[in-house]
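We name chains A, B, ... by the order of the sequence lines, and we start the count at 1 in each one.
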Number of protein chains: 2
Amino acid sequence: MFSSSEENYLKAIYHLSLASTKGISTNAIANKLATKASSVTDMIKKLADKNMLVYKKYQGVTLTEKGKKTAANIIRKHRLWEVFLVEKLNFSWDEVHDVAEQLEHIKSPKLINEIDALLGFPKYDPHGDPIPDKNGALHQIEKSLLASLKIKEKGICVGVNDSSATFLQFLDKQGIALGKEVEVVDKEDFDNSMTIKINKKAITISNKIANNLYIQKL
Amino acid sequence: MFSSSEENYLKAIYHLSLASTKGISTNAIANKLATKASSVTDMIKKLADKNMLVYKKYQGVTLTEKGKKTAANIIRKHRLWEVFLVEKLNFSWDEVHDVAEQLEHIKSPKLINEIDALLGFPKYDPHGDPIPDKNGALHQIEKSLLASLKIKEKGICVGVNDSSATFLQFLDKQGIALGKEVEVVDKEDFDNSMTIKINKKAITISNKIANNLYIQKL
DNA sequence: AAATAAATTTAGATAAGGCTAAAAATAAAT
DNA sequence: ATTTATTTTTAGCCTTATCTAAATTTATTT
C-alpha cells in the first residue's frame with residue numbers, strides 16, 4: 001500500500017515519462033510537485049526500495065513495470081472521478097481537478113469499479129485525456145495541436161493541454177468545447193495568432209491558446 | 001482546516017458525548033480510537049487551542065459549539081457517502097463503513113451537497129442512523145432496543161447499534177432488515193434470549209443480538 | 001486518613017515527509 | 001583542460017502524529 005505522497009510522486013514521474021525517453025531528473029520532479037530537490041531525493045530512494053522505479057545517483061529515475069502500472073491506476077481513478085463529477089454531480093470541467101486530486105487516493109477497488117460501471121466505462125475524461133484501463137494501458141487517439149494546423153484545415157476539438165481553471169473558463173467564454181468543429185481561417189506570421197471558425201463564427205486566438213488545444217484532423 | 005486525524009478525534013468525542021452528560025475522559029477517547037492515552041492528551045491540547053473543545057487537566061473534555069458542528073459535519077459526510085455507496089454503487093450495508101471512513105475526509109462543500117441532492121436528501125443512513133443537516137442538527141426518531149420489548153409487543157426494525165460486518169451479515173442471514181416488522185413471541189429468563197416472529201417465521205436470538213437492534217414500537 | 005489503585009500527563013523517541021544550507025558530482029564554458 | 005555553473009545529494013532540523021516509560025494527580029479501599 002502507498003501513502004498519498006508516494007502516489008503523487010509516482011503520478012508525477014509517470015506524466016513526465018510520457019514526454020521524455022530518458023530518465024526523469026530530480027529537478028523535473030521537484031518542479032512538477034512544487035517541492036524541493038532534496039525532498040525528491042529522499043522519496044525516490046524510498047520508491048526505489050519498493051521496486052517502483054530504478055534509481056542511480058545523479059542519473060534520474062525510470063519507472064519499473066510495477067511503478068507504471070501503479071501510477072496508471074492512480075491516473076485511472078483520477079480521471080474516472082472527474083467524469084463522475086461532471087456527469088453525475090453537475091461540476092464543470094474547470095472545477096473537477098482539485099477534488100479528483102483527493103478522491104484518487106481513496107483505497108477501494110470495488111468503489112472505482114462501480115464508479116466505472118455507473119458511468120458506462122468511459123474512455124476519456126472531461127478534458128479529453130484517455131482513461132487507463134485496469135491493466136494500465138492507454139488508448140491514445142491521433143491528435144494534433146491546433147497551432148499545427150494550416151489554413152483551411154478542419155478538425156474536432158478533442159482535448160486540452162492545460163487543465164487550469166483560467167484556461168478552461170476562457171474556452172467556455174469563447175464557446176470552445178470538446179466535440180466542436182473548428183476550421184483555421186487565417187494565421188498571422190507576426191505573432192502566430194490564428195483566426196478560426198467555430199460555432200459558425202470567426203474568432204481570433206493567440207498562439208498560446210492554439211498550443212493548448214488538441215484537434216483531431218478531419 | 002483540519003487533518004484527518006483531528007477530524008477522527010472530533011468524531012469520536014462527539015459520539016461519546018451522545019452517551020454521556022459529563023466530560024469525556026482521555027481513556028474513553030483512547031479506547032474508541034484504539035490509540036494510547038498519551039496520544040489523546042496531545043491531540044486534545046491541540047483541539048483545545050483551536051477552540052473545538054474545552055479541556056481542563058485530568059477533567060476530560062467537552063466539545064464547544066464549533067466543535068460539535070465540525071464533528072456533525074464529518075458524520076454527515078460519512079453517512080451520506082454510505083447511502084451513496086448502497087443506493088448508487090451496489091454496496092451492501094456491511095461493506096460501506098471502511099470506504100466511508102476515507103471519503104468523509106474529502107474537502108469539497110460542493111461535492112457533498114451534490115451527493116446529498118443526487119440521493120434526494122436522505123434522512124437516514126443504511127444502518128438507520130440519522131444524517132445531520134447542514135447546521136449539524138440531528139432529528140432522532142423514537143426507538144427502543146429490541147431487548148427492551150415485552151412479550152407480544154411489535155415494532156419495525158429501524159436501526160442497529162453495532163455496524164460491524166459480522167453482525168450485519170448475521171442479520172442478513174436471518175432475514176432481518178430495516179423496515180421489517182418483528183413481534184416478540186417469547187423471552188427466556190435464564191439467558192435473556194428471545195424468540196421473535198419476522199418474515200412470518202419464528203426465530204430465536206441471543207440477548208446480545210437483541211441489544212444491538214433498534215425497533216420503533218407499533 | 002493513609003495507602004493503594006487507576007487514570008492522566010509529561011518526557012523522550014520514532015517515523016514520515018518536508019525544508020535549508022553545505023558538500024559533492026555532473027555539465028557547460030572559457 | 002580548467003574553471004564556472006548547475007544539478008543532485010547529504011546532513012541536520014522541523015512538524016505531525018504516534019508510542020513507551022516514568023511521574024503525577026485523582027479515585028478507591030482499607
Side-chain angles (χ1 to χ4, degrees), chain A residues 1-13 16-17 19-63 67 70-71 74 101-102 104-107, chain B residues 1-13 16-17 19-63 67 70-71 74 101-102 104-107:
Chain A
M1 209 50 30
F2 298 94
S3 68
S4 291
S5 192
E6 290 172 322
E7 292 189 346
N8 286 336
Y9 274 89
L10 288 173
K11 200 171 44 136
I13 297 165
L16 291 167
S17 301
S20 134
T21 49
K22 293 175 287 182
I24 307 304
S25 76
T26 303
N27 256 6
I29 301 167
N31 188 51
K32 183 113 185 168
L33 291 172
T35 183
K36 303 294 165 169
S38 55
S39 305
V40 173
T41 301
D42 283 349
M43 183 57 95
I44 61 188
K45 281 179 185 168
K46 203 167 114 184
L47 291 172
D49 286 346
K50 293 192 176 186
N51 295 310
M52 289 297 114
L53 46 81
V54 177
Y55 167 53
K56 273 188 68 180
K57 271 193 194 178
Y58 298 99
Q59 304 308 134
V61 299
T62 318
L63 290 177
T70 305
I74 301 157
E101 205 73 5
Q102 299 177 63
E104 71 189 6
H105 301 297
I106 302 289
K107 265 91 181 162
Chain B
M1 210 50 32
F2 298 94
S3 68
S4 291
S5 192
E6 290 171 322
E7 291 189 345
N8 286 337
Y9 273 89
L10 288 173
K11 200 172 43 135
I13 296 166
L16 291 166
S17 300
S20 134
T21 49
K22 294 176 288 182
I24 307 304
S25 76
T26 303
N27 257 5
I29 300 167
N31 188 51
K32 183 114 186 167
L33 290 173
T35 184
K36 303 293 164 167
S38 55
S39 306
V40 174
T41 302
D42 283 350
M43 183 58 95
I44 60 187
K45 280 179 185 168
K46 203 167 113 185
L47 291 171
D49 286 346
K50 294 190 176 187
N51 295 310
M52 290 296 114
L53 46 81
V54 177
Y55 167 53
K56 273 188 67 181
K57 271 194 193 177
Y58 298 99
Q59 304 307 135
V61 299
T62 317
L63 290 177
T70 305
I74 301 158
E101 205 74 4
Q102 298 177 63
E104 71 188 5
H105 301 298
I106 302 290
K107 265 91 180 160

*Would you sketch DNA chain C in dot-bracket for me? Only Watson-Crick or G-U wobble pairs with both distances under 3.5 Å count, crossing pairs as [ ], other-strand pairs as |, the rest as dots.*
||||||||||||||||||||||||||||||
*Going through the checks in order, is the side chain to side chain contact (heavy atoms under 4.5 Å, CB included) test met by A/Val61 and A/Leu47?*
CA-CA 10 Å; A/Val61 299; A/Leu47 291 172; over 6 Å; no
Quick one: is [X] getting a side-chain N or O under 4.0 Å of the [N] phosphate, OP1 or OP2?
{"X": "B/Asn27", "N": "C/dT8", "answer": "yes"}
{"X": "B/Ser5", "N": "D/dT18", "answer": "yes"}
{"X": "B/Ser25", "N": "C/dA7", "answer": "no"}

*What salt bridge (charged side-chain N to carboxylate O under 4.0 Å, His left out) pairs are there with at least one residue in residues 47-63 of chain B, not counting sequence neighbours?*
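Qualifying pairs, neighbours excluded: B/Glu6-B/Lys50.
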*Among residues 28-39 of chain A, which residues get a heavy atom nearer than 4.0 Å to DNA chain D?*
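DNA chain D contact set from residues 28-39 of chain A: A/Ala37, A/Ser38.
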Using whole Å, what does the distance between atom [atom2] of nucleotide [N] and atom [atom1] of [X] come to?
{"X": "B/Asn8", "N": "D/dT18", "atom1": "CG", "atom2": "P", "answer": "8 Å"}
{"X": "B/Glu6", "N": "D/dT18", "atom1": "CD", "atom2": "C1'", "answer": "14 Å"}
{"X": "A/Met43", "N": "C/dC19", "atom1": "CE", "atom2": "C1'", "answer": "14 Å"}
{"X": "B/Leu47", "N": "D/dT16", "atom1": "CG", "atom2": "P", "answer": "13 Å"}
{"X": "A/Lys45", "N": "D/dT8", "atom1": "NZ", "atom2": "P", "answer": "14 Å"}
{"X": "A/Ile44", "N": "D/dT7", "atom1": "CD1", "atom2": "P", "answer": "15 Å"}

*asked:* Set out, in order, the CA-CA distance, both residues' side-chain angles and the distance that settles side chain to side chain contact (heavy atoms under 4.5 Å, CB included) for B/Asn8 and B/Phe2, then state yes or no.
replied: CA-CA 10 Å; B/Asn8 286 337; B/Phe2 298 94; over 6 Å; no
*In residues 50-59 of chain A, which residues come under 4.0 Å of DNA chain C by heavy atom?*
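Residues of residues 50-59 of chain A that come under 4.0 Å of DNA chain C are, in numerical order, A/Tyr58.
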Which atom of [X] lies closest to which atom of [Y], heavy atoms considered:
{"X": "B/Thr26", "Y": "B/Ala37", "result": "CG2-O, 3.5 Å"}
{"X": "B/Ala71", "Y": "B/Leu10", "result": "CB-O, 3.6 Å"}
{"X": "A/Tyr55", "Y": "A/Ala48", "result": "CB-CB, 4.0 Å"}

*In Å, rounded to the nearest 0.5 Å, how long is the span from OH of A/Tyr9 to CG of A/Leu33?*
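Between A/Tyr9 OH and A/Leu33 CG, I get 6.0 Å after rounding to 0.5 Å.
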*Does atom NZ of A/Lys36 have more than 12 heavy-atom neighbours, drawn from other residues, nucleotides or ligands, at distances under 6.0 Å?*
no
*Give B/Thr26 one of three labels, base, sugar-phosphate or nothing, depending on what nucleic acid heavy atoms sit under 4.0 Å from its own.*
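Counting heavy atoms under 4.0 Å across all strands, the contact made by B/Thr26 is with sugar-phosphate only.
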*Kindly determine whether A/Ile24 and A/Ser17 satisfy side chain to side chain contact (heavy atoms under 4.5 Å, CB included), including the steps that lead there.*
CA-CA 7 Å; A/Ile24 307 304; A/Ser17 301; 3.7 Å; yes
*Excluding sequence neighbours, so at least two apart, what forms side chain to side chain donor-acceptor pair (under 3.5 Å) with A/Lys11?*
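Applying side chain to side chain donor-acceptor pair (under 3.5 Å) to A/Lys11 gives A/Glu101, A/Glu104.
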*Taking side chain to side chain contact (heavy atoms under 4.5 Å, CB included) as the test, write out the residues that go with B/Gln102, two or more places apart.*
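Side chain to side chain contact (heavy atoms under 4.5 Å, CB included) check on B/Gln102 returns A/Ile106, A/Lys107.
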